[in-house]
Student: 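First the structure, which I've put down as structure tokens, then a few questions once you've had a look.
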Amino acid sequence: KQSAYKLSFERIAKVKPMIQNVVSTSDLNTILDLKKIALKAKNSEYNPKRFHALILRSRDPKATALIFKSGKMVCTGTKTESEAKEASLKVSYVYIVSQSCEASRIYQSIS
């Protein structure tokens, strides 16, 4: 008769972990105007009464980013580390584009 400990160990040895979700964090090192970004970005939602972060969804790679006013960002929903990096860079790009659009509009109004 085998002990319960040995049976448990045999079951544990057969367990095959699978990565389902990779979470990454980033810092844009600036204070953000989430309302402006939400108005310019596709697939975004911002309701500060419900949650104090801008929610931005990316289709390729499929990911969801939470962007906070402090510039901190959490990206989740990817399956690999490289997808997490790609999604984070895409979200950062959305921020840069929203800022450069504003800067170009200001420049055009001055000149």
Side-chain angles (χ1 to χ4, degrees):
K1 182 177 177 181
Q2 292 183 335
S3 70
Y5 174 77
K6 189 172 181 180
L7 288 174
S8 296
F9 184 75
E10 287 173 0
R11 286 185 194 148
I12 291 171
K14 293 178 185 177
V15 171
K16 303 275 190 226
M18 292 176 22
I19 295 174
Q20 297 293 322
N21 186 29
V22 176
V23 177
S24 64
T25 60
S26 305
D27 191 352
L28 298 170
N29 296 316
T30 187
I31 302 297
L32 304 174
D33 185 348
L34 299 179
K35 195 173 187 178
K36 276 186 187 176
I37 297 170
L39 291 172
K40 295 176 184 173
K42 294 180 181 179
N43 300 321
S44 66
E45 65 182 84
Y46 181 56
N47 184 352
K49 291 179 183 175
R50 203 173 114 219
F51 187 57
H52 290 286
L54 170 70
I55 301 169
L56 191 65
R57 289 177 174 48
S58 166
R59 289 186 190 150
D60 184 36
K62 187 177 178 189
T64 300
L66 303 175
I67 306 168
F68 296 88
K69 183 179 180 178
S70 64
K72 306 273 190 208
M73 178 173 63
V74 178
C75 188
T76 185
T78 57
K79 301 269 186 203
T80 64
E81 183 179 345
S82 61
E83 283 182 357
K85 286 179 182 178
E86 183 182 352
S88 295
L89 289 173
K90 280 188 175 185
V91 170
S92 299
Y93 177 77
V94 166
Y95 160 70
I96 291 167
V97 167
S98 72
Q99 294 305 309
S100 63
C101 289
E102 185 65 26
S104 68
R105 219 178 291 133
I106 292 168
Y107 177 78
Q108 288 173 355
S109 68
I110 293 172
S111 45

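Just so it is clear, the values below take in all heavy atoms, side chains as well, and ignore hydrogens, waters and symmetry mates. What you see is a predicted model, and the numbers here were worked out from it, not measured in a lab.
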Student: If I compare all heavy atoms of M73 with all of V91, which pair ends up nearest, and what's the gap?
Tutor: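 Minimum heavy-atom contact is SD-CG1, 3.1 Å.
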Student: In this structure, are over 12 heavy atoms from other groups packed under 6.0 Å from E81 atom CD?
Tutor: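 Atom CD in E81 is not packed in, count stays at 12 or less.
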Student: Who are the side chain to side chain donor-acceptor pair (under 3.5 Å) partners of T80, not counting sequence neighbours?
Tutor: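 Scan of T80 (side chain to side chain donor-acceptor pair (under 3.5 Å), adjacent residues dropped) gives S82.
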Student: When rounded to the nearest 0.5 angstrom, what distance separates CG in L89 from OG in S58?
Tutor: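 Those atoms lie 11.0 Å apart.
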Student: Counting only pairs under 3.5 Å, give me each side-chain donor-acceptor contact of residues 50-57, with atom names and distances, residues two or more places apart or in other chains.
Tutor:
none

Student: Is there side-chain contact between K90 and P61, with heavy atoms separated by less than 4.5 Å?
Tutor: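 Yes, their side chains come closer than 4.5 Å.
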Student: Show me, pair by pair, the donor-acceptor contacts under 3.5 angstrom made by side chains of residues 17-32, not counting sequence neighbours?
Tutor:
unit_1 : atom_1 : unit_2 : atom_2 : d
N21    : OD1    : T76    : OG1    : 3.2
N21    : OD1    : G77    : N      : 2.7
N21    : ND2    : T76    : OG1    : 3.2
S24    : OG     : S88    : OG     : 3.3
D27    : OD1    : N29    : N      : 2.9
D27    : OD2    : K72    : NZ     : 3.0

Student: Going by salt bridge (charged side-chain N to carboxylate O under 4.0 Å, His left out), name the residues that satisfy it together with K62, two or more places apart in sequence or in a different chain.
Tutor: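 K62 satisfies salt bridge (charged side-chain N to carboxylate O under 4.0 Å, His left out) with no other residue.
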Student: Please name all residues satisfying side chain to side chain contact (heavy atoms under 4.5 Å, CB included) with K35, sequence neighbours left out, ordered by chain then number.
Tutor: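 Testing K35 for side chain to side chain contact (heavy atoms under 4.5 Å, CB included), a comparison that skips the adjacent residues, returns D33, Y46.
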Student: State the OG-CG distance between S70 and L34, to the nearest 0.5 angstrom.
Tutor: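 Output value for this atom pair is 9.0 Å.
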Student: Starting at CG of L39, measure out to OG of S44 and round the result to the nearest 0.5 Å.
Tutor: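 The OG atom of S44 is 8.0 Å from CG of L39, to the nearest 0.5 Å.
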